[in-house]
Chemist: 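Okay, here's the structure, questions in a sec.
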Amino acid sequence: MIFIKSLGLLLCLIFALVKGDNVVVGYFPNWLGDRFQASSIDFAKYTHINYAFAIMTKGNTPEWTDQSSTDSQLAELVSAAHKSSAKVLISVGGWSGSISFSTMASDASSRKEFIKWNIDQIKQYETDDWEYPGRQGAGCNVVDAGSDVANFGTLLKELRSELDQEFDKGSKEITIAGHVGGPGGSSNDIGDSVTRVNMMTYDINGAWNPQTGPNAPLKSSNGSSFVSAIEEWTKSGVPASKLVGGLAFYGRSTTAKEDMSDGSMYQDQVQNDPPKGDSYDATYQDPYCAQDPGGLSGIWRFGNMLSEGLLDTPLTAKVPWVRYWDDESSTPWLFNAKTKVFISYDDPKSIAAKVSEAKSSGLAGVMIWSVDEDSSNNDLLNAAT
Ligand SMILES: *[C@@H]1O[C@H](CO)[C@@H](O)[C@H](O)[C@H]1NC(C)=O
């Protein structure tokens, strides 16, 4: 499966009602069905839940793929969250749901229509999400590399001003989720209009690469990382106090070509053909984009690594898996010498290292993809908060 992981810009806008210090933002994917109920979320630990995604596959306004299930699921989520004063936001766009975003943002009357859609729904808490403007997502996004970032800045400004007119000034937050590589230019317009940038500091290495490597490195000498994302975004004009560090509650598996038992995390691997991940992993075909080849993801949710017998405890592997620790990226990885399957993932130790970096760098907090993927004991969430 091809993931274009160049240093693209991945943005999402989120409107919330209240600004909190030390935010803990958790994504709640709306396609989980019975597998994960909103009531399972530990709302005492989260300040914001992003309900993802309403998609933009055509036209100027987002849509829900299943309106009636959204109505009931979102109502349940909002009511449970409010009991703990957590905010619920609606996230728009995503990897395959950002096809017409660029076109909308390029035209004043289209932006107006989009902003009106947002204001109409904001009573239920609302989010917009524009992924990879000026770059490609699943393969079908309309992309205008020269103008997308500027158009996005204009959209944000107009949104800020409309929200301040429609509601108490400053009472709605606008946050965006940004790519690990920074915005790809000056983001002063973006930085001024938003309350926070949630940095997507994961999906940095995977089956799309020729070599194995960390999904979510804290640091890297030759690639993007948690630390480099902070550098890129601050360099582009967004202060650290507006940045939120992304945490992955999942790992990515690939098949190595070498025996990795010598303990080096970087080895040649079978490219673009990950093995099946956990029991939830299934062959996927993007319904909105034939260019997206789909296939298995190779993803292992942390909770499933424990429940499906890869880990004995959050910090120890179960035979035949062997756990290794990579010092530079501050991440653990598993290797099965018999199948040559490699899994890069995060555990309580690597999550704690990133949270500590977020604190010492003065970030606004952390963001988690996704709330359903933790162990039943919330080992990762507890390490993150
Ligand atoms: C990145 O650095 C690691 C060592 O830190 C090395 O093993 C790996 O081969 C490098 N990858 C590339 C693509 O240069």
Side-chain angles (χ1 to χ4, degrees), residues 1-10 95 132 135-137 139 178-182 184 199-235 245-248 250-275 277 293 295-300 310 315 317 321-358 360-361:
M1 144 149 58
I2 295 170
F3 282 91
I4 299 151
K5 291 294 163 183
S6 61
L7 302 184
L9 174 58
L10 189 153
W95 178 260
Y132 306 105
R135 319 278 176 131
Q136 195 46 272
H179 190 270
V180 64
M199 299 180 296
M200 301 216 163
T201 37
Y202 38 68
D203 296 340
I204 291 168
N205 290 288
W208 53 89
N209 283 342
Q211 281 202 319
T212 54
N215 178 49
L218 174 64
K219 292 179 188 158
S220 169
S221 58
N222 54 12
S224 293
S225 67
F226 196 89
V227 165
S228 77
I230 299 171
E231 285 165 8
E232 292 299 328
W233 278 95
T234 50
K235 218 161 55 187
L247 305 174
Y250 61 92
R252 289 186 172 277
S253 65
T254 60
T255 307
K257 289 183 174 167
E258 319 282 333
D259 183 356
M260 296 179 70
S261 304
D262 71 351
S264 163
M265 193 183 197
Y266 299 87
Q267 301 288 344
D268 289 347
Q269 69 180 5
V270 178
Q271 210 173 346
N272 294 325
D273 189 19
L296 292 166
S297 72
I299 282 176
W300 276 93
L310 276 58
L315 296 175
W321 294 92
V322 178
R323 177 184 180 275
Y324 299 85
W325 178 262
D326 180 62
D327 277 331
E328 184 182 77
S329 64
S330 291
T331 55
W333 53 279
L334 294 188
F335 188 65
N336 179 333
K338 212 167 127 192
T339 59
K340 292 206 175 67
V341 172
F342 159 90
I343 305 175
S344 165
Y345 67 106
D346 275 88
D347 67 9
K349 189 176 165 188
S350 66
I351 293 288
K354 291 183 184 94
V355 170
S356 156
E357 180 68 37
S360 64
S361 299

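Remember, it's 1-based here, ligands and their atoms both numbered in the order they're listed.
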Chemist: Please report whether ligand 1 has a polar contact with Tyr266, defined as an N or O pair separated by less than 3.5 Å (distance criterion only).
Modeler: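 No, there is no polar N/O contact under 3.5 Å.
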Chemist: At a non-hydrogen distance cut-off of under 4.0 Å, which region of Met265 contacts ligand 1 (side chain, backbone, both, or neither)?
Modeler: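 The answer is neither.
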Chemist: So do the side chains of Leu218 and Ser350 get within less than 4.5 Å of each other, counting heavy atoms only?
Modeler: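 A side-chain contact under 4.5 Å is absent here.
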Chemist: If you have a sec, work out which protein heavy atom is nearest atom 9 (O) of ligand 1 and how many Å separate them, to one decimal?
Modeler: Gln211 OE1, 3.3 Å
Chemist: Return the closest protein heavy atom for atom 5 (O) of ligand 1 as residue, atom name and distance.
Modeler: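 Of the protein heavy atoms, Glu328 OE1, 3.4 Å lies nearest.
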Chemist: Looking at Glu357 and Lys354, is there a salt bridge between them, counting it only when a charged N and a carboxylate O are closer than 4.0 Å?
Modeler: no
Chemist: Could you check which of Asn222, Asp326, Asp268, Asn209 puts a non-hydrogen atom nearest to atom 12 (C) of ligand 1?
Modeler: Asn222
Chemist: Within the structure provided, determine whether Asn209 and Gln271 are in side-chain contact (heavy-atom separation under 4.5 Å).
Modeler: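 No. Closest side-chain heavy atoms not under 4.5 Å.
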Chemist: Output, in order, the C-alpha distance, side-chain angles, deciding distance and verdict of side-chain contact (heavy atoms from CB on, under 4.5 Å) for Thr212 and Asn205.
Modeler: CA-CA 7 Å; Thr212 54; Asn205 290 288; over 6 Å; no
Chemist: Would you mind reporting whether Phe342 and Met265 have side-chain heavy atoms less than 4.5 Å apart?
Modeler: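 Met265 vs Phe342: side chains touch.
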